[in-house]
Amino acid sequence: MSFPKQVKIVEVGPRDGLQNEASTVPADIKVHLVEKLADAGLPVIEVGALVSPKWVPQMATSSEVFTRIDKRSGISYPMLVPNLKGLELALAAGVQEIALFAAASETFSQKNTNCSIAESIERFNDVIDQAQAAGVKIRGYVSCVLGCPYEGKVSFDTVSMITQKLFEKGCYEVSLGDTIGVGTAGEAQDLVEILMKHVSAQQLAAHFHDTYGQALANIHAVMQCGVAVVDSSIAGLGGCPYAKGATGNVATEDVVYMLNGMGIETGVDMDRLLEAGRFISNFLGREPVSRAATALLRKKAG
Ligand code: HMG
Ligand code: MG
């Protein structure tokens, strides 16, 4: 059994986490959260989403948040972009990396972006051309890779087709979203093995929501195939507004605890990470959705 020596953690809490909060989180709090995540040593922090504020009101302050954060060298601050309008906003704010997203299920694609899978891929052409012309890096997401809230089972061939298209079009990495956290370890591994017929595991990221408590097991499973990029959310924040009942991404604290225990480097400082988690959880008025954070904070409190 072989695991990567190093894992890159992509912190998605300020975007994927907060996009689903019912009450408005002020820009000030988001800016502070991003700074605290940077203090913890996270190498990539997804700051927000330049999507329609009518669709996802919580992300309406994303441009402001991006403009106000201190951009530290060595940290990437990607922003989610669905279309040309989003790219225009990104370029105006000085964003250097964007994330595009498509879904492996037709119904989810319609609910999330008001277009079919084919239309969403078509829509990427102009966005990608203009982003590349401006020197902006592009990451891709595929949603519903292990199941859809509307259609149930999803075809791995469809996931593979979309993943290949995203790479062909110029994405440097594709993140595999188990949007509703239904997948289990064997399925996650089977999917990555199918994708590895066309792309290398090092180009893939695991983006697993923890709705069914399977995310850590699934990450452990795909790391054995060579996946070395993991998306996670501070304090386990979040869900998807278009996947009812889906809970947050796997908590960053839980991922770092597991990787520390396995001797896999992340460059993340657990104490500072706990601080960031405590900060946002205090603001939201609830405990972190992370077993490791809860246990470690209790231990610290004596
Ligand atoms: P639409 O209604 O078809 O778009 O939505 P439209 O072009 O007809 O525009 C409608 C209105 O939105 C117009 O304003 C546009 O100007 C405005 P109006 O004229 O009515 O005042 N608009 C925008 N405003 C700001 N930024 C933009 C933008 N685009 C249009 N970029 C659209 C199509 C794609 C815009 C919409 O469906 C949308 O914003 N969807 C985003 C939904 C979303 O953010 N979902 C959550 C993120 S995905 C996710 O969480 C999954 C992931 O984590 C991976 C996983 O877990 O699987 C990534
Ligand atoms: Mg997600």
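One is the number of the first residue; the rest follow in order along the sequence. Atoms within each ligand, like the ligands themselves, are counted from 1 in listed order.
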Handout entry: D269, T266, V268, I75 screened by side-chain contact (heavy atoms from CB on, under 4.5 Å) with L42, the one that passes
Key =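 By the side-chain contact (heavy atoms from CB on, under 4.5 Å) criterion, L42 pairs with just one of D269, T266, V268, I75: V268.
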
Handout entry: Residues R68, E35: salt bridge by 4.0 Å N-O rule
Key =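 Looking at E35 together with R68, the answer is no, because their closest N to O distance does not fall below 4.0 Å.
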
Practice task
Report, in ascending order of atom number, the atoms of ligand 1 lying under 4.0 Å from any heavy atom of Y141.
Solution key: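 Those of ligand 1 that fall under 4.0 Å from Y141 are 54 (C), 58 (C).
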
Practice task
Would you mind running through ligand 1 and noting each atom that sits below 4.0 Å from a heavy atom of F101?
Solution key: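 Those qualifying, in numeric order: 48 (S).
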
Practice task
For ligand 1, indicate whether the residue L80 contacts it via side chain, backbone, both or neither (heavy-atom separation under 4.0 Å).
Solution key: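 L80 to ligand 1: side-chain contact only, backbone stays beyond 4.0 Å.
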
Exercise for the section: Have a look at ligand 1 and work out which part of K111, if any, has a heavy atom under 4.0 Å from it: side chain, backbone, both or neither. Expected result: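 Contact part for K111 vs ligand 1: neither.
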
Exercise for the section: Please state whether the separation between the Mg ion (ligand 2) and some N/O/S atom of D16 is under 2.8 Å? Expected result: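 Of the N, O and S atoms in D16, at least one lies under 2.8 Å from the Mg ion (ligand 2), which means yes.
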
Exercise for the section: Could you tell me how the ring of H32 sits relative to the ring of F279: parallel (under 30°), tilted (30 to 60°) or perpendicular (over 60°)? Expected result: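 Tilted, since the angle between the ring planes falls between 30° and 60°.
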
Exercise for the section: Assess whether ring-ring contact (aromatic ring centres under 6.0 Å, His included) is satisfied between F3 and H220, documenting all intermediate values. Expected result: CA-CA 9 Å; F3 290 97; H220 191 273; 4.9 Å; yes

Problem - Any pair counted as side-chain hydrogen bond (donor to acceptor under 3.5 Å, both in side chains), so long as it reaches residues 289-302, sequence neighbours left out - result: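 The answer is D254-S290, D271-K300.
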
Problem - V56, any N or O under 3.5 Å of ligand 1 N or O - result: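 No - when backbone and side-chain N and O of V56 are compared with those of ligand 1, no distance drops under 3.5 Å.
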
Problem - Nitrogen or oxygen atoms of K54 and ligand 1 under 3.5 Å apart - result: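 Between K54 and ligand 1 (N or O atoms, distance only) the closest approach is under 3.5 Å.
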
Exercise for the section: Angle at the Mg ion (ligand 2): provide the value between NE2 of H209 and NE2 of H207, rounding to 10 degrees. Expected result: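 An angle of 90° at the metal.
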
Exercise for the section: For atom 29 (N) of ligand 1, state which one of V51, N83, L89 supplies the nearest heavy atom. Expected result: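 Answer by nearest heavy atom: N83.
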
Practice task
From atom 41 (C) of ligand 1, work out which of L84, D16, N112 has a heavy atom at the shortest distance.
Solution key: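 Going through L84, D16, N112 one by one, N112 has the nearest heavy atom to atom 41 (C) of ligand 1.
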
Practice task
Assess K30 against F283: is NZ or CZ under 6.0 Å from the centre of the six-membered ring, and within 45 degrees of the ring's axis?
Solution key: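 Ring-cation test returns no.
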
